[in-house]
Amino acid sequence: MVLITLNKNIVLNLILKRSPLLISVRSYEIPEKLKDVAQDPNPSFYKMVQYFYHYAVKVCEPSLEDYLKKYTHLSDKKRKQRVAGILKVMGSCNSSLQFEFPLQRKNGDYEIIHAYRSQHSVHRLPCKGGIRFSDQVDLEEVKALAALMTYKCACSNIPFGGSKGGVAINPKKYTVAELQRITRRYTLELAKKHYIGAGIDVPAPDVNTSGREMSWIVDTYIKTLGYNDINAAACVTGKPINGGGIRGRVEATGRGVFITISEFIHDEQWMKLIDLEPGFKGKTAIIQGFGNVGSWAGVHFQESGVKVIGVLESDCNLFNPVGIKCKELQEYKAKHRGSAKGFQGAKECGPELMFENCDILVLAALEKSITHENAGKLNCKIIVEGANGPTTPAADVILREKKILCLPDLLANAGGVTVSYFEYLKNINHVSFGKLSIKFWRDSNTALLDSVEKSLNNSNIDAKIQATPLFQSLMSGASEHHIVTSGLEYSMINACNDVKQAASTHNLGIDVRTAAYINAIEKIFVTYDEQGVAI
């Protein structure tokens, strides 16, 4: 017999409401091999993602069992078995590919190149995930990033599974010709093993890759195994505009970071939880990593009145208490081979810049930037993760104790994959967004203005109707850039609202990370439940 003691207020409320007492029993346990991750000072990235996933499952498991109560023919035992089965599939990696190939260097030496691709989930196809060139890449990191892509896509309502790829090289040590041979050989290996294709797996740029590498990939695929595929150009996203890319893709991730923080910082209820005045007015920011993501986030912050007082880079750290002009720094880096050293708009300082007092800290560099060792030194109110995995589980706990709101990677940096989805749709539809309707809307709006002017003249009112600058820009209807930016904003706002709802439903306080994982888990769970788990 189990004796449950209730206090007087609960009993009184139950009597008055005459409602049954519902007690959710959480039976799920985090796997033994992951229990130490919460205290580990330097856990592997893969174990970090696994831990965050299993921690979220522990919170939401009762609600998943409640969801299956719609199947009245299932016993409690069968429901528990089905939930456990789906969660096992969801938490495991579907397949991984590891291969090596030789490269003859410019000087005549031969080198073995190690490469990887991992497909974490195929609950939706195609899989989606970037390709990075880094000498730190290994199979475990690729699997972790693929898992994160699964949850990221689900969290933002993007109908893709998660995947990731990488080549273990430092691209700075190779010539452009060598990089092209590596990229094309990598593509051929993926194609031969059916790890690339518009309906299978769609890579994108990541660390140290760009539209250049995507052009090499799509060219290789189209001219070899993809020659018979009408949708072959959709085998990768992040391509240059001329090669089938989409306007707005370059700045998409940074813009997504900005939209995410905007949705939370203007929410009075959330700002009360961290004792911060709502809105961007008077706010300051520090950006760690002023690459593609950090620089565009900084540009949008500045346009909204946020003062960017510090930038941390690999070769130098810049500080300016009156604000760094992000657009100028972005242009300076482009002219100086990606280096911020020597920029005149700020003074150089040490790494202690990260612990300066500010409202917003943007983490847009590498994994595990915030650990249990430095989390307690932070003097910010909001952290937004533009990079993947910058906060360890141990640091995450410290941040919540300090009432620092941490907006996690799977929510905040989903802008890139969102616009990649738009590019994918453009490629499989074989037409640019807005192209078929631009002339129709321009003619329609011109006719409307002419009609108004003619009606006034017929009423003896001498008037000349002229379009305002804003209306003039919209007369031809939505351009591709308009569609992409508005679509990105709509998608990111919806994702933020879903995560806020999950946090409220499960009483998570400022634990946005767990709320985002739960949001993703519940959506993937429904997909597996409706489509089936096993044959």
Side-chain angles (χ1 to χ4, degrees), residues 171-172 205 207-208 210-211 247-262 264-266 276-277 279-366 369-370 374 377-387 390 404 407 412-413 415-416 481 485 488:
K172 294 179 180 179
V207 176
N208 292 325
S210 63
R247 289 165 178 82
R249 173 63 182 86
V250 173
E251 64 268 30
T253 309
R255 181 170 170 77
V257 166
F258 168 76
I259 294 169
T260 302
I261 200 164
S262 179
F264 279 86
I265 207 168
H266 287 96
L276 186 65
E277 190 70 25
F280 282 130
K281 186 178 180 181
K283 299 298 188 297
T284 57
I286 292 174
I287 300 174
Q288 183 200 42
F290 205 76
N292 183 53
V293 178
S295 63
W296 282 108
V299 168
H300 290 299
F301 280 145
Q302 200 168 39
E303 290 173 350
S304 300
V306 177
K307 193 186 297 181
V308 179
I309 61 172
V311 168
L312 294 106
E313 278 281 79
S314 58
D315 59 346
C316 68
N317 303 309
L318 303 174
F319 178 71
N320 187 339
V322 299
I324 296 171
K325 294 182 179 179
C326 293
K327 194 67 178 176
E328 289 183 9
L329 178 55
Q330 195 180 48
E331 292 169 356
Y332 179 89
K333 285 191 65 179
K335 293 176 182 177
H336 294 81
R337 297 185 177 182
S339 176
K341 205 167 184 64
F343 179 66
Q344 297 299 308
K347 64 178 182 179
E348 291 192 25
C349 60
E352 68 278 358
L353 174 62
M354 181 180 280
F355 311 117
E356 279 288 325
N357 190 39
C358 67
D359 298 300
I360 303 164
L361 175 62
V362 179
L363 302 176
L366 298 172
S369 299
I370 306 298
N374 60 14
K377 302 176 186 177
L378 296 175
N379 288 299
C380 58
K381 284 292 187 179
I382 302 174
I383 288 176
V384 57
E385 297 182 347
I404 295 176
L407 305 179
N413 68 26
H481 193 265
T485 52
L488 172 60

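Please read these numbers as outputs of a predicted model, since none were measured by experiment. Position 1 is the first residue of the sequence, and the numbers go up from there.
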Discussion item. Can you tell me how far apart CD1 (Ile404) and CG (Leu276) are? Round to the nearest 0.5 Å.
Written reply: 11.5 Å

Worksheet item: How far does CD1 of Ile287 sit from CG of Leu318, to the nearest 0.5 angstrom?
Response: 11.0 Å

Worksheet item: If every non-hydrogen atom of Ala387 is compared with every non-hydrogen atom of Asn413, which pair is closest and at what distance?
Response: O-ND2, 3.3 Å

Discussion item. Minimum heavy-atom separation for Gly289 and Ala365, please, with both atom names.
Written reply: CA-CB, 4.3 Å

Discussion item. With heavy-atom distances below 4.5 Å as the criterion, would you say the side chains of Ile261 and Phe280 are in contact?
Written reply: yes

Worksheet entry | Min side-chain heavy-atom separation Met354-Leu378 under 4.5 Å | yes

Item to complete: Side-chain contact test, heavy atoms from C-beta onward, threshold under 4.5 Å: evaluate it for Ile265 versus Ile360 and give yes or no.
Response: yes

Item to complete: Find out whether Leu407 and Phe264 are in side-chain contact, i.e. whether some heavy atom of one side chain is under 4.5 Å from a heavy atom of the other.
Response: yes

Fill in: Over all atoms of both residues, closest heavy-atom pair of Pro205 and Ser210
CB-CA, 3.9 Å

Worksheet item: How many angstroms lie between atom NZ of Lys283 and atom SG of Cys380, to the nearest 0.5 angstrom?
Response: 13.5 Å

Worksheet entry | Glu251 CD to Arg249 CZ distance, which is reported to the nearest 0.5 Å | 10.0 Å

Worksheet item: Looking at Gly298 and Val308, what are the two nearest heavy atoms and their distance?
Response: O-CG2, 4.2 Å

Discussion item. Side chains of Val362 and Phe301, heavy atoms from C-beta outward: is any pair under 4.5 Å?
Written reply: yes

Worksheet item: Looking at residues at least two apart in the chain, or sitting in another chain, which of them share a salt bridge (Lys or Arg N to Asp or Glu O under 4.0 Å) with Glu385?
Response: Arg513

Worksheet item: Is the backbone of Ser369 close enough, under 3.5 Å, to the side chain of Asn374 for a donor and an acceptor to pair up by distance?
Response: yes

Worksheet item: Any side chain to side chain donor-acceptor pair (under 3.5 Å) pairs touching residues 305-319, not counting sequence neighbours?
Response: Glu313-Lys333, Asp315-Ser339

Discussion item. Just verifying a value: how many Å separate Ile370 CD1 and Gln288 CD, rounded to the nearest 0.5 Å?
Written reply: 6.5 Å

Worksheet entry | Contacts of His336 that satisfy side chain to side chain contact (heavy atoms under 4.5 Å, CB included) - sequence neighbours left out | Tyr332

Worksheet item: Under 3.5 Å, is there a donor-acceptor pair between the side chain of Asp359 and the main chain of Thr284?
Response: yes

Worksheet item: Looking only at heavy atoms, what is the nearest atom pair of Ile309 and Pro321, with distance?
Response: CG2-O, 3.8 Å

Item to complete: Go through the structure and list residues passing side chain to side chain contact (heavy atoms under 4.5 Å, CB included) with Gln330, not counting sequence neighbours.
Response: Phe290, Ser295, Trp296, Val299, Lys327

Could you give the side-chain donor-acceptor pairs of residues 343-353 under 3.5 Å, partners two or more places apart or in another chain?
unit_1: Gln344; atom_1: NE2; unit_2: Gly342; atom_2: O; d: 3.0
unit_1: Glu348; atom_1: OE1; unit_2: Lys341; atom_2: NZ; d: 3.4
unit_1: Glu352; atom_1: OE2; unit_2: Gly350; atom_2: N; d: 3.4

Donor-acceptor contacts, no H, no angles, side chain residues 253-260, under 3.5 Å, sequence neighbours left out:
unit_1: Thr253; atom_1: OG1; unit_2: Gly416; atom_2: N; d: 3.4
unit_1: Thr260; atom_1: OG1; unit_2: Gly256; atom_2: O; d: 2.8

